[in-house]
Participant: 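Encoded as structure tokens, here's the structure I'll be asking about.
Being a predicted model, the structure only gives us computed values, none of them experimental. Values reported hereafter were calculated over all heavy atoms of this structure, with side chains retained and with hydrogens, waters and symmetry mates removed. Below, read A as the first sequence line, B as the second, and so on, with proteins coming before strands; counting in each chain starts at 1.
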2 protein chains.
Amino acid sequence: MKQDSRLSATLHVLLHMADRGAAMTSEELAACLGTNPVVIRRTMAGLRETGLVRSEKGHGGGWTLARALVEITLGDVHRALGEPALIALGHRSENPQCLVEQAVNAALGEAFAEAETLLAGHFDRVRLSDLAADFSRRFDERRQAHAKHDQAI
Amino acid sequence: MKQDSRLSATLHVLLHMADRGAAMTSEELAACLGTNPVVIRRTMAGLRETGLVRSEKGHGGGWTLARALVEITLGDVHRALGEPALIALGHRSENPQCLVEQAVNAALGEAFAEAETLLAGHFDRVRLSDLAADFSRRFDERRQAHAKHDQAI
DNA sequence: AGTCATGTAACATTGAAAGTTACATGAAAC
DNA sequence: GTTTCATGTAACTTTCAATGTTACATGACT
């Protein structure tokens, strides 16, 4: 199954925006992901409508966060992207006449709903500030590793 | 995201096979799903290798269950299909250099793993006999509904 | 006016599932 | 033994959504 990486990409972009502190153009953000600026604009359109980010045209324009990282959950971003399906498996047909298929749909549907609820709940509990904190931790770790390395030389 | 319906289709097919009690041809099974016999053979190939079903060529040939329904879990079927991905979302890149992306991957990876574990665990606890029982229940319900309807006439 | 940036339509590319065609292989029936 | 029926499998085509690209209109700053 070809996987949907829009959530991953968007989180990446939002953290870079927060790190920068100033407006970033689609081109800059696209460079962070190694993709095309139009992909950024298209993906961010939903976030703009939901009020997570703002965009400005012209000189000095670009994208800025409309809320603090601590006020944005992964769930917010997922919803802003249009709530793409979380589960890669699906039913062969919805509302089948065949009773066998109805039983299959019921069993799988229950399992899918359970996993989806768990994942969506998890998304609602994680804030972008949590990711930023993890980033800082990794940053410090790398810095210390480099210092150790320099010392060894 | 285009969803993978192989698990759904395979469960449907296996229950029909159990219901029949005798060998069923790819053509018959394909008719149950409204698809092509070759799709059945391709999908069932994994189940044959895993020892869930047997296939016979020639006259009177076709597919038969190699185990009782109570001895087959949804997890067995999922594994026999090659363990297709359960989660529709993915990372933008594996093993990124960018620390931001590493933090994103860590957060999402944890969430995905949690949901995947739950779903896989669920699959391992549900047996095909459970689905067959649910089918029987639905069958009886429909029969009673019809009886009631006939009575009203 | 010129430049920079977003907004968006229109199209091409990609990748995996699903569907199809064709034919080889093997087993039963005649 | 040859005809018929069934699987086994390769090699395509189709489908569909994400992703990538091109082109151009719109608006804002200099």
Participant: Of all the nucleotides listed (D/dT21, D/dA6, C/dG19), which has the minimum atom distance to the side chain of B/T25?
Facilitator: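 Nearest to the side chain of B/T25 among the choices is D/dA6.
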Participant: Is a side-chain donor-acceptor pair under 3.5 Å present for B/E114 with A/H122?
Facilitator: yes
Participant: Is it the case that D/dT19 (base atoms only) and B/R92 (side chain only) share a donor and an acceptor within less than 3.5 Å, ignoring hydrogens and angles?
Facilitator: no
Participant: Counting distance only, does the side-chain N/O of A/S8 pair as donor-acceptor with the main-chain N or O of B/R92 below 3.5 Å?
Facilitator: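 Side chain of A/S8 to backbone of B/R92: a pair is present.
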Participant: Between A/H59 and A/T35, which has a closest nucleotide on DNA chain D that is more 5'?
Facilitator: A/T35
Participant: Identify, between B/G58 and A/V38, the residue whose nearest nucleotide on DNA chain D lies closer to the 5' end.
Facilitator: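 So the residue in question is B/G58.
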Participant: Mind calculating the distance between CD (B/E27) and P (D/dG8) to the nearest angstrom?
Facilitator: 15 Å
Participant: CG of A/L47 versus P of C/dG7: gap in Å, rounded?
Facilitator: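 Between P of C/dG7 and CG of A/L47: 12 Å.
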Participant: For B/R54, answer base if it contacts any base atom (sugar-phosphate contacts may also be present), sugar-phosphate if it contacts only those atoms, and nothing otherwise; contact means non-hydrogen atoms under 4.0 Å.
Facilitator: nothing
Participant: Among the candidates C/dA17, D/dT30, D/dT7, find the nucleotide nearest to the side-chain atoms of B/W63.
Facilitator: D/dT7
Participant: Whether the side chain of A/D130 engages the backbone of A/R127 through a donor-acceptor N/O pair (distance < 3.5 Å, no angle test) should be reported.
Facilitator: yes
Participant: Just so I know, are the side chains of A/L108 and A/H91 near enough to count as touching, which here means a heavy-atom distance under 4.5 Å?
Facilitator: yes
Participant: Verify the contact: side-chain N or O of A/S26 to OP1 or OP2 of C/dT6, cut-off strictly under 4.0 Å; return yes or no.
Facilitator: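 Result: yes.
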Participant: Nearest whole Å is fine: how far is C/dA22 C1' from B/R41 CZ?
Facilitator: 12 Å
Participant: On DNA chain C, does the nearest nucleotide to B/G60 precede the nearest nucleotide to B/Q3 from the 5' side, or the other way round? Give the residue.
Facilitator: B/Q3
Participant: Taking atom types as modelled and ignoring hydrogens, do the side chains of A/T25 and A/W63 form a donor-acceptor contact shorter than 3.5 angstrom?
Facilitator: no
Participant: Counting side-chain heavy atoms from CB outward, which of D/dT21, D/dT7, D/dA28 is closest to A/K57?
Facilitator: D/dA28
Participant: Within the 4.0 Å heavy-atom criterion, would you say B/R6 contacts the bases, only the backbone, or no part of the nucleic acid?
Facilitator: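 Since only primed, P, OP1 and OP2 atoms lie under 4.0 Å of B/R6, the category is sugar-phosphate.
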Participant: Could you check how far CG of B/L89 sits from P of D/dT19, rounded to whole Å?
Facilitator: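 Distance check: B/L89 CG to D/dT19 P gives 10 Å.
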Participant: Expressed in angstrom and rounded to an integer, what is the separation of A/M24 atom CE from C/dC4 atom P?
Facilitator: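 Distance check: A/M24 CE to C/dC4 P gives 18 Å.
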Participant: Rounded to whole angstrom units, what separation is found between the CE atom of B/M44 and the P atom of D/dT7?
Facilitator: 10 Å
Participant: Counting only side-chain heavy atoms from C-beta out, which of D/dT19, D/dG8, C/dT21 sits nearest to A/S5?
Facilitator: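 For the A/S5 side chain, the nearest candidate turns out to be D/dT19.
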Participant: Is B/S55 close enough to D/dA6 that one of its side-chain N or O atoms is under 4.0 Å from OP1 or OP2 there?
Facilitator: no
Participant: State whether the distance check finds a donor on one side and an acceptor on the other, under 3.5 Å, for side chain A/R48 versus base C/dG7.
Facilitator: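 Under the 3.5 Å cut-off, the side chain and the base do not form any donor-acceptor pair.
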Participant: When only distance counts, do a donor and an acceptor, one from the side chain of A/R42 and one from the base of D/dT21, lie under 3.5 Å apart?
Facilitator: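 Checked by distance alone, the answer is yes.
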Participant: From D/dC16, C/dT6, D/dG20, pick the nucleotide closest to the side chain of B/K2?
Facilitator: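 Between D/dC16, C/dT6, D/dG20, the one nearest the side chain of B/K2 would be D/dC16.
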Participant: Do B/S55 and B/R48 have a side chain donor and acceptor closer than 3.5 Å?
Facilitator: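 Note: B/S55 and B/R48 side chains meet the donor-acceptor criterion.
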Participant: What integer distance in Å separates B/E49:CD from D/dT7:C1'?
Facilitator: 14 Å
Participant: To the nearest angstrom, how far is B/N36 atom CG from D/dT14 atom P?
Facilitator: 15 Å
